[in-house]
S.K.: 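Right, I'll just put the structure down here and ask away after.
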Amino acid sequence: MKAYDSLSVSTVLPDELAALRMLAKNLRWSWRPSAERLFAGIDERLWRACGRNPVVMLCSLPASRVAELAADGAFLARLRHEAENLAAYLQSDRWFHERTRATEDEATSVAYFSMEFGITESLPVYSGGLGVLAGDHLKSASDLGAPVIGIGLLYTYGYFSQTLSREGWQQEAYTEHPPTDLAVDPVLDAEGQQVHVALGFPDGRSLDIALWEAQVGSVPLLLLDTNLPTNPEDFRAITDRLYGGDAEHRIRQEIVLGIGGVRAVQAYAELRGRRQPTVFHLNEGHAGFSGIERIGQLMAEGETFDTALAIVRSSTVFTTHTPVPAGIDRFDAHLVQRYLGSSGGHTLVPEVPAARIMDLGAEDDPGRFNMAHLGLRLAQYANGVAKLHGVVSRGMFAKLYPGVEPEEVPIGSITNGVHIPSWTRPAMMPVIEAMNGGRDLATSNTWDDPDAVGAEELWRIRGELRAELVSRARDSVRASWKARGAQDAELGWVRDVLDPSRLTVGFARRVSTYKRLTLMLQDRERLARILNNPERPVQFVIAGKAHPADMGGKQLLQQLVAFADEAGVRDRIVFLPDYNVTIAKHLVAGSDVWLNNPVRPQEASGTSGMKAVMNGCLTFSISDGWWDEMADDSVGWTIPDTSGVDEHTRDALEAGALYDILEHEIAPLFYDRDERGLPVEWVEKVRRSIAIVGPKVAAERMVRDYVNDLYLPAGRSARIAADRVETRAFASWLGDVRAAWSSVRVESVAAAGPAPRTGESLRLSARVELGQLSTDDVLVEAIVGTPGEQGDLLGARIVQMSPASERPSEFLADVPLDAPGRLGYTVRVQPKHAFLQAPAELGLVRYPV
C-alpha cells in the first residue's frame, strides 16, 4: 500500500550523552583513535553504513540504543574522558605560543585559502592530494597551536564516487551532502542569524554566500556556500561540485573563494573577537582574487593602487603545487574582464582599475589570464613543495623576473608532509612513539631511538597490517565485480585474491598521464612472471581516480583494470575502486613497498609515499618530488630516470629498471629469512626508513617550517607595511625607480693591479651611471666564476660592491682568490630597498652592455 504522507523522526540525546554531539562536531575525532573507537562502538554496522560519519550516525540511533548508552556506566566514563581530553587540548598552550610568547610575533594570524580540504571522508570537500595536504596542514596547525583559519567552499556534491563498468571503464556518480549531515555549523551573528556575505556580479546581479564553520581541533575552517534559496539557479550551482563545469563555472568558484573568502574571514574574525588575519596564505592560485579584494579595500580607504599592492604583497604567501605549465589555471582574458572590470565600469571590486588587474595576471599570451602569475605578483613570499619542485618552479616562472638567473628567482621551497596521527595506523603508533623516546611528535625534528622496538615485534605488526589490507581488498574486489554485473557463481576466485604472506606493492594516486599508472605494464609477460614467481611471488594493490574529463587518464585506468582481470594474474594484481581516505589508510599501511614512477620532474611532491613511510612501508620511486631530496639506498630504492630520448624509449628503459630492481633486489631481500622466519635485513631497512625519513616527512615539521620561514616573516613585513607613511614612500620610490631605470647603465668594468695570485684578492671596479637614482637606491654586485664554453660563469660567487668615496659613480670590490685557473667576472645593478625581501622581486637588472 502507498503512504498517505511522511514526516521525519529525529533522535534526541539526553543530557548524559550531550557530549557526543560536541565530539562529533569537532573533527579532531578523526585523528584520535580512541574517539573514533568510541563512535564505532555505539553500533559498528551503523557506523559503517553511515560512512563513518558520527553526525549522521547520532541522528540515526533508535531510542532503545540511546537509552542503553545513557545507562551504560562504562560507556559514559569513556565519553567523559574523551570530552575532558578535547577540552584540555583546546585550552592548552602549545608550540606556537611557546615560540612567540612576549614577542611581536605573537600577534600573527594566518588566513589559509584552499580550493579543497581533506580532513576526513565524512566532510567531502576534497578530491585528492592537494586537499589532503591542506587538511593535514590544518590538523598540524591545531596540534602546534598555530593561529590559522582555513577558508574553502562547501560543495553540495563534493567530488565523485568511482565505479567500473564490466569493461573496466571509470564511471562517476555524485551524491548530495546536505549541511545537516556534516560536521559543520552555521556561523551565527549576535541575533542568531546565519552570517552572509554578498558579491556584486556583472549585469547588476548579486550573489549571496552563507558561512559555515567546521572545527578542526583548535583551527576553524570556514566554508562558503552559494546553494541558497535567495540565489538564482546558476548562482546556486557555483558550489555544487569540486573541479566540475566549464571555465565560467571555475572562475566563479575562484571568485567566491578569493573575494568572498576575504570578506568572510574578516566578518568571522570581527564577530568572534579574533585578531584580523595579518598573513594571507594562498594554497595554489585558485584564491588569487583574494589579493584583488584586499587591494580594493585599501583603495576604498584612500590609498593608491601602488601603495595598496605593496601592503598586500608584504603579507601574502603563495604556494605553488604545479611543476608543469599545463597544470595552471588560465582564463580567457575577456572572461576575467567581464567579472573584474570592463570599459563600461567595474563590478566585483570597483575601486581597482581593470587594466592593473589584467597586468597582474598577464602572461606571454595576451588573451589569457594566468592565476599562478597573479599569485606570484601579489605575494612577497612564495614557495614550491619540495626542493626539486622549488628548482623547477624557479625555472618555470623565471620570465616574471627578467634579467635574473633562475636560481635567484624569489621562490623558495618547503617540502610537504603528512599528519602523523592521521596516517599512522594504531598498531604502528607505539613504534613511532618509542623511536621518538616518548617526546612530543609534533615538535620532534629527529627520532633518535630506532632500536626501541625489537625486530620480531616490528615484523609482527607489519604482518598484521598486510593481512588487514588483504582482507579489505578481497571485500572491495568482490563488491566491485558485483557492481560490474558479475554473479556470485563466477566469483569463487575472489576468496584467494592476494596472500597475506606475499611481498605487496602499493600504488595509489590521481590517474594522470605523467604519473604513469601503466608503466608496470610495459612488458606484461615479464610482469606476469614476477607476479607468479614460485619462490618469490609479488602482488600489487592499486587505486586511483581519473578526472571525469581526462579521457587519457581513463584509458590508462581501463588498461590496468583489463590486465588485472586476466585469469593468470587477477589474484596477484587488484584494483580497488573509489579511492578515498579510508582505502588510502589501509593501502599505505598494508603495502611492503610503495611504488612511485612519475615522469621526472613532474611530481611536485607526492605525499602518498610519505604516508607509507610512517607505517613501515619502504619507498620504491623515481628520483622526483620529496624522494629526490631524501633518496637513500639504506631506506628504499630509486628507479633510474633517463633523459635525451623519446617518451616511448624512456618508458621502456625505466620500466626495465623497475622490473630489475623489483625482481633482483626487493623480492630477494623480502624473502631472505633466518631460522626464525624473520627477514632481518628487510626489517632493519624498515627501521631505518621510519627513524630517518619519518620526522622529515611529517606535516608537523612542514607547518613549523611555514611558521618560521614564511608566516612570521610575512607577519613582520605586514607590521612594517602597516605604517602607511612608510609604505606610501616605498610605493613612490618604486615608481621613481621604474621611471628612472632606463637610464641606469654599467658603463665599464675593470680589474685593477697586476695579475692576481691565489691567496690574494682581485680588485674589481665598475663605473655605473645611475641617472636620477642615488647609490642608496641600488645594489651593485660583482659576479665571479669559471668561464664556460658559452661564456657563462660556472660556480659563480657574488660579492657586494661599495661606492668609492671620492667618485660616487664608481663601485669597488675586493674578491678573495683561492683556486688557480681561468677567472671570469661581470657586474650587475639591481634596486635596493628595506621593503624588498629579494632584489629580484622587481625584475629590474642591468649588466654591462
S.K.: Which heavy-atom pair separates V697 from M630 by the least distance, and what is that distance?
M.R.: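 Looks like CG1-SD, 3.7 Å.
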S.K.: Hey, what do you get for CD1 (I573) to CG (L527), rounding to the nearest 0.5 Å?
M.R.: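 Answer for the CD1-CG pair, I573 versus L527, is 5.5 Å.
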S.K.: Take S393 and T320 through the side chain to side chain donor-acceptor pair (under 3.5 Å) test and state the conclusion after the steps.
M.R.: CA-CA 8 Å; S393 297; T320 173; 4.7 Å; no
S.K.: Given side chains that start at C-beta, do those of H286 and L130 come closer than 4.5 Å, heavy atoms only?
M.R.: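 Yes, their side chains come closer than 4.5 Å.
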S.K.: Taking the side chain as everything from C-beta on, heavy atoms only, tell me whether L560 gets closer than 4.5 Å to I542.
M.R.: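 Yes, side chains in contact.
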S.K.: With distance as the sole test, does H586 use its side chain to make a donor-acceptor pair with the main-chain N or O of A584 at under 3.5 Å?
M.R.: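 Between the backbone of A584 and the side chain of H586 there is no qualifying donor-acceptor contact (under 3.5 Å).
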S.K.: Can you check whether H177's main-chain N or O pairs, donor with acceptor, with D181's side chain at less than 3.5 Å?
M.R.: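 Not at all, since once roles are kept as given, no pair shorter than 3.5 Å links the two residues.
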S.K.: Mind checking whether H281 and H137 have ring centres under 6.0 Å apart?
M.R.: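 Yes, the ring centres sit under 6.0 Å apart.
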S.K.: What is the minimum heavy-atom distance between P601 and L388, and which atoms define it?
M.R.: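 Looks like CB-CD2, 4.0 Å.
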S.K.: Could you report the tightest heavy-atom contact between V184 and P179, atom names first, then the distance?
M.R.: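 Distance-wise, the nearest heavy atoms are CG2-O, 3.7 Å.
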S.K.: Under the 6.0 Å and 45° cation-pi test, does R32 pair with W29?
M.R.: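 Because its charged atom misses either the 6.0 Å distance or the 45° angle limit, R32 does not stack over W29.
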S.K.: State, without any angle test, whether E284 and T322 hold a side-chain donor-acceptor pair at a distance under 3.5 Å.
M.R.: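 Yes, side-chain donor-acceptor contact under 3.5 Å.
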S.K.: Would you mind reporting whether R516 and V599 have side-chain heavy atoms less than 4.5 Å apart?
M.R.: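 Yes; the side chains approach each other to less than 4.5 Å.
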S.K.: Is a salt bridge present between E167 and K554, judged by a nitrogen-to-oxygen distance below 4.0 Å?
M.R.: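 No salt bridge links E167 with K554.
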S.K.: Check each of Y243, Y126, Y155 against E116 using the side-chain hydrogen bond (donor to acceptor under 3.5 Å, both in side chains) test, and report the only one that passes.
M.R.: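 For E116, the side-chain hydrogen bond (donor to acceptor under 3.5 Å, both in side chains) check succeeds only for Y243.
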S.K.: Considering only heavy atoms from C-beta outward, does the side chain of E213 approach that of L221 to under 4.5 Å?
M.R.: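 The answer is no; the side chains never approach within 4.5 Å.
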S.K.: With the threshold set at 4.0 Å, does a side-chain nitrogen-carboxylate oxygen contact exist between R484 and D565?
M.R.: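 Yes.
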S.K.: Within a reach of under 6.0 Å around CD of E490, are more than 12 heavy atoms found that belong to other residues, nucleotides or ligands?
M.R.: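 Buried by this count: over 12 neighbours within 6.0 Å.
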S.K.: Going from CG on L556 to CG on L517, what distance comes out if it is rounded to the nearest 0.5 angstrom?
M.R.: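 One finds 6.0 Å between CG of L556 and CG of L517.
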S.K.: State whether a side-chain donor-acceptor pair under 3.5 Å links S591 with T504.
M.R.: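 S591 vs T504: no donor-acceptor pair found between side chains.
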S.K.: Just by distance, do the side chain of S476 and the backbone of R472 share a donor-acceptor pair under 3.5 Å?
M.R.: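 No, the answer is negative, given that no donor and acceptor are paired below the 3.5 Å cut-off.
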S.K.: Nearest 0.5 Å, please: how far is OG1 in T638 from CG in D624?
M.R.: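 Spacing of CG (D624) from OG1 (T638) equals 11.5 Å.
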S.K.: Tell me the closest heavy-atom pair linking L618 and S689, and the distance in Å.
M.R.: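 Residues L618 and S689, closest heavy atoms: CD2-CB, 3.7 Å.
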S.K.: Under a 3.5 Å cutoff, is there a donor and acceptor pairing between the side chains of S114 and N283?
M.R.: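 Distance-only check passes for S114 and N283.
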S.K.: If I take atom CZ from residue R510 and atom OG from residue S127, how far apart are they, to the nearest 0.5 angstrom?
M.R.: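 One finds 8.0 Å between CZ of R510 and OG of S127.
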S.K.: Look at E654 together with R600 and state whether they make a salt bridge at an N to O cut-off of under 4.0 Å.
M.R.: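 No, this pair does not count.
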S.K.: Taking R466 for its side chain and G590 for its backbone only, find out whether a donor-acceptor pair lies under 3.5 Å.
M.R.: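 No, R466 side chain to G590 backbone: no donor-acceptor pair under 3.5 Å.
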S.K.: Against I420, only a single residue in K611, K139, M429 fulfils side chain to side chain contact (heavy atoms under 4.5 Å, CB included); can you say which?
M.R.: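 Of all the options given, the one that passes is M429.
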S.K.: Could you measure the distance from the CH2 atom of W594 to the OG atom of S608? Nearest 0.5 Å is fine.
M.R.: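 That separation rounds to 5.5 Å.
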S.K.: Do R495 and W493 have side-chain heavy atoms sitting under 4.5 Å apart?
M.R.: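 In short, these two side chains do not touch, never coming nearer than 4.5 Å.
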S.K.: Can a side-chain donor-acceptor contact be found between N227 and R236 if the only test is distance below 3.5 angstrom?
M.R.: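 Side chains of R236 and N227: pair found under 3.5 Å.
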S.K.: Is it true that D234 and R252 make a salt bridge, defined as a side-chain N closer than 4.0 Å to a carboxylate O?
M.R.: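 So D234 pairs with R252 through a salt bridge.
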S.K.: Could you check whether any side-chain N or O of Q602 sits under 3.5 Å from a backbone N or O of P323, counting only pairs where one atom can act as donor and the other as acceptor?
M.R.: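 Not confirmed, Q602 side chain does not pair with P323 backbone.
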S.K.: Contact between L469 and V541 at the side-chain level, heavy atoms closer than 4.5 Å - yes or no?
M.R.: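 Side chain of L469 against side chain of V541, heavy atoms only: contact under 4.5 Å found.
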S.K.: Indicate yes or no: does R48 engage E44 in a salt bridge with an N to O separation below 4.0 Å.
M.R.: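 A salt bridge links R48 with E44.
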S.K.: So, R462 and D592, do they make that salt bridge, N to O below 4.0 Å?
M.R.: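 The answer is yes: the pair qualifies as a salt bridge.
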S.K.: Quick one: does any side-chain atom of R474 pair with a main-chain N or O of V497 as donor and acceptor, under 3.5 Å?
M.R.: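 At least one qualifying donor-acceptor pair exists.
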S.K.: When you check the gap from the basic side-chain N to the acidic O, do D578 and K545 get nearer than 4.0 Å?
M.R.: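 So D578 pairs with K545 through a salt bridge.
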S.K.: Between D488 and K482, does any side-chain N to carboxylate O distance fall below 4.0 Å?
M.R.: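 Salt bridge between D488 and K482, a charged N being under 4.0 Å from a carboxylate O: yes.
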S.K.: Between E121 and R52 (salt bridge meaning N to carboxylate O under 4.0 Å), is one present in this structure?
M.R.: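 Here E121 does not pair with R52 in a salt bridge, since their nearest N and O are not under 4.0 Å apart.
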S.K.: Could you check whether any side-chain N or O of Q539 sits under 3.5 Å from a backbone N or O of D499, counting only pairs where one atom can act as donor and the other as acceptor?
M.R.: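 The answer is yes, because a donor-acceptor pair under 3.5 Å joins these two groups.
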S.K.: Within the supplied structure, the quantity of interest is the number of heavy atoms (other residues, nucleotides, ligands) at a distance under 6.0 Å from E176 CD; does it exceed 12?
M.R.: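 Correct, the count exceeds 12.
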S.K.: For W626 and T607, indicate whether the former's side chain and the latter's backbone hold a donor-acceptor pair under 3.5 Å.
M.R.: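 A pair under 3.5 Å: no.
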S.K.: If the plane angle is over 60° it's perpendicular, under 30° parallel, otherwise tilted; pick one for H419 and W31.
M.R.: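 Ring orientation of H419 relative to W31: perpendicular.
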S.K.: Please step through side chain to side chain contact (heavy atoms under 4.5 Å, CB included) for the pair L521 and L519, ending with a clear verdict.
M.R.: CA-CA 5 Å; L521 302 184; L519 184 67; over 6 Å; no
S.K.: For L587 and G506, work out which heavy atoms get closest and say how close.
M.R.: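 Nearest heavy atoms, L587 then G506: CD2-CA, 4.4 Å.
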S.K.: Determine, step by step, whether L335 and I251 satisfy the side chain to side chain contact (heavy atoms under 4.5 Å, CB included) criterion, reporting the C-alpha distance in whole Å, the side-chain angles of both residues, the deciding distance to 0.1 Å, and the verdict.
M.R.: CA-CA 8 Å; L335 183 63; I251 196 173; 3.9 Å; yes
S.K.: Please find the pair of heavy atoms, one from F575 and one from G544, that lie closest to each other, and give the distance.
M.R.: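 Closest approach of F575 to G544: CZ-O, 3.4 Å.
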S.K.: Would you indicate whether the side-chain heavy atoms of L133 and M702 approach each other to under 4.5 Å?
M.R.: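 Result yes, sub-4.5 Å side-chain heavy-atom pair found.
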S.K.: Going by atom types only, do N383 and T319 share a side-chain donor-acceptor pair under 3.5 Å?
M.R.: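 Yes.
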S.K.: With side chain to side chain contact (heavy atoms under 4.5 Å, CB included) as the criterion, how do N615 and T424 come out once you've worked through the C-alpha distance, each side chain's angles and the decisive distance to 0.1 Å?
M.R.: CA-CA 6 Å; N615 291 281; T424 306; 4.2 Å; yes
S.K.: Quick one: does E629's side chain have a donor or acceptor within less than 3.5 Å of a partner on K387's backbone?
M.R.: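 At least one qualifying donor-acceptor pair exists.
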S.K.: Using the rule given for salt bridge (Lys or Arg N to Asp or Glu O under 4.0 Å), can you reason through E468 versus R425, listing the C-alpha separation, both sets of side-chain angles and the distance that settles it, and then say yes or no?
M.R.: CA-CA 11 Å; E468 187 179 72; R425 298 299 292 161; 3.6 Å; yes
S.K.: Does R241 qualify as a cation-pi partner of Y174, given the criterion of NZ or CZ under 6.0 Å from the six-membered ring centre and within 45 degrees of its axis?
M.R.: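 Ring-cation test returns yes.
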S.K.: Report the distance from atom CE of M57 to atom CH2 of W47, rounding to the nearest 0.5 Å.
M.R.: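 Reported to 0.5 Å precision, the distance equals 6.0 Å.
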S.K.: N596 vs K515, test: side chain to side chain contact (heavy atoms under 4.5 Å, CB included). Steps then yes/no.
M.R.: CA-CA 8 Å; N596 185 39; K515 293 179 183 285; over 6 Å; no
S.K.: Whether the side chain of H249 engages the backbone of G244 through a donor-acceptor N/O pair (distance < 3.5 Å, no angle test) should be reported.
M.R.: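 Checking the backbone N and O of G244 against the side chain of H249, a donor-acceptor pair under 3.5 Å is found.
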